[in-house]
Amino acid sequence: MAGIYIHVPFCYTRCSYCDFYKTTDQQLKDEYIKALCKEIELNRSFLLKETIQTIYFGGGTPSTLNVDKLETILQTLQQFTSFKYLQELTLEVNPDDVNANYIKHIVGIGVNRLSMGIQSFFDAHLRRMNRRHNAEQARNAIRIAKENGIKNMSIDLIYGLPYMTFDEWQENVRLAIESDVQHISAYHLTFEKGTLYYDYLKKGKLTEVPEESSVEQFDYLVSQLKKAGFEHYEISNFAKKGLESKHNSNYWTGLKYLGLGPSAHSFDGENRMWNVRDIKRYCDALKNKQSYFEQETLSDTDRYNEFIMLGLRTQKGFKMNLLDAFNATIKQYFNDELKQQIAQNNVTLHNGYCFVSEDKKMIIDSIISDFFYVE
Ligand code: SF4
């Protein structure tokens, strides 16, 4: 089983906090599609060999592509792989790209899951984040998607915004629940280098929210979503029963995936590859039959650290017997660390799984880094 990730790097504008690879140059779309189809062809041996279970169009803003372009990509993939076992085909969309016609057409080409970048239901927040949509468009987009055939939808929210009050966060959570979607992803704002917000932070125009506020917002989110019937299956992700993101869950359990498009990452079980993070260089390299990616073979230590990071971020944790795949030194290190973490009640062992204790989720990053093995 494997997944395919397709990075669509086009956005009409740049959100103030975003450090995903993107371009606002819409003229490059045709060239991008050509290069992407070429890249698919170059990966024919992976595609012919693997059973594809999930496809995920991420970005950037995949909904900046019209249906013909999306269909071209899917048809090219189908020249080399069967969609017989495809369970999930996700498209990330921005609310302002959603209309009934577009949704009907993407459903028609096989999209069965949407991931919509809502972020907040407050116009003032959306303006400050430089989002293109407003709160009314967000609510309408969810409704239109549902009315036109989308039965599995995720929405993204951001918390930890310096200018958001706790009352506003409560209202965002309430409206997210009321929107009756199957999946909610909520991410704390981070100030990434290269973003406008990072500059604002450095210049003192914005400040990070105090840790107590982050904890208060996170705890509120978790308690309300649980009450509303969502399962908290990964630190930032909540789903109605059986509707967890299959694509992302596969990343977290270490399955293979093929990443296509500029800046996309791939994993073939042993090696990690990452495509050039520049659309012009990506298109030129594919046109001129030059290399467009770098790769590394993961060492035992890399694989262990990744296993810990991905496994502990999930609600279920990881199966203890999977540690047998690592060498004796790493296993010894893990066991020593495990004793200390259990003594502090940071992690729990249950039914052969190891997971971060419920009340320690806010310090998950420090728990994970304590488990990291450094050679
Ligand atoms: S958040 Fe999404 S829409 Fe905004 S700039 Fe980043 S990729 Fe584009």
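Counting starts at 1 for both ligands and their atoms, in listed order. Quick note: residue numbers are just sequence positions, from 1. Worth saying up front: this structure is predicted, and the values here are computed from it rather than measured.
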If you draw a 6.0 Å radius around CZ in R174, do more than 12 non-hydrogen atoms from other residues or ligands fall strictly inside?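 Atom CZ in R174 is crowded, with more than 12 foreign heavy atoms closer than 6.0 Å.
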Discussion item. Check contact between R131 and ligand 1, using heavy atoms of the residue and a distance below 4.0 angstrom.
Written reply: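 Yes, R131 has a heavy atom closer than 4.0 Å to ligand 1.
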inquiry  = Is it the case that the ring center of F326 lies less than 6.0 angstrom away from the ring center of F334?
reply    =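 F334 vs F326: aromatic centres not under 6.0 Å.
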Identify the closest protein heavy atom to atom 8 (Fe) of ligand 1: which residue and atom is it, and at what distance?
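Atom 8 (Fe) of ligand 1 sits closest to the protein heavy atom C11 SG, 2.3 Å.
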Report the nearest protein non-hydrogen atom to atom 6 (Fe) of ligand 1: residue, atom name, distance rounded to 0.1 Å.
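Ranking protein heavy atoms by distance from atom 6 (Fe) of ligand 1, first comes C18 SG, 2.3 Å.
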Which of the numbered atoms in ligand 1 are under 4.0 angstrom from any heavy atom belonging to [X]?
{"X": "Y17", "answer": "1 (S)"}
{"X": "N94", "answer": "3 (S)"}
{"X": "T13", "answer": "5 (S)"}
{"X": "T61", "answer": "3 (S), 8 (Fe)"}

Does C15 put an N, O or S atom under 2.8 Å from atom 4 (Fe) of ligand 1?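 Within the cut-off used here (under 2.8 Å), C15 does place an N, O or S atom near atom 4 (Fe) of ligand 1.
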* When you measure from the side chain of N134 to the backbone N and O of E136, does any donor-acceptor pair fall under 3.5 Å? ->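 Such a contact is found between N134 side chain and E136 backbone.
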Checklist entry - Any donor and acceptor pair, going by atom type alone, linking the side chain of K22 with main-chain N or O of F20 inside 3.5 Å? => result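 Judged by distance alone, yes, a pair lies under 3.5 Å.
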For atom 7 (S) of ligand 1, the option (of S16, G60, G58) bearing the nearest heavy atom =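 Selected option, by shortest heavy-atom distance: G60.
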- Could you check I4, N250, L86 and say which one makes a side-chain contact (heavy atoms from CB on, under 4.5 Å) with Q53?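 Only one option passes, and that is N250.
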*Does the cation-pi check pass for K361 over F218, that is, NZ or CZ under 6.0 Å from the six-membered ring centre and within 45° of its axis?*
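That pair does not qualify as a cation-pi contact.
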Next item on the list: Flag the pair Y159 / Y220 as yes when at least one side-chain heavy-atom distance between them is below 4.5 Å, and no otherwise.
Entry: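 No, side chains not in contact.
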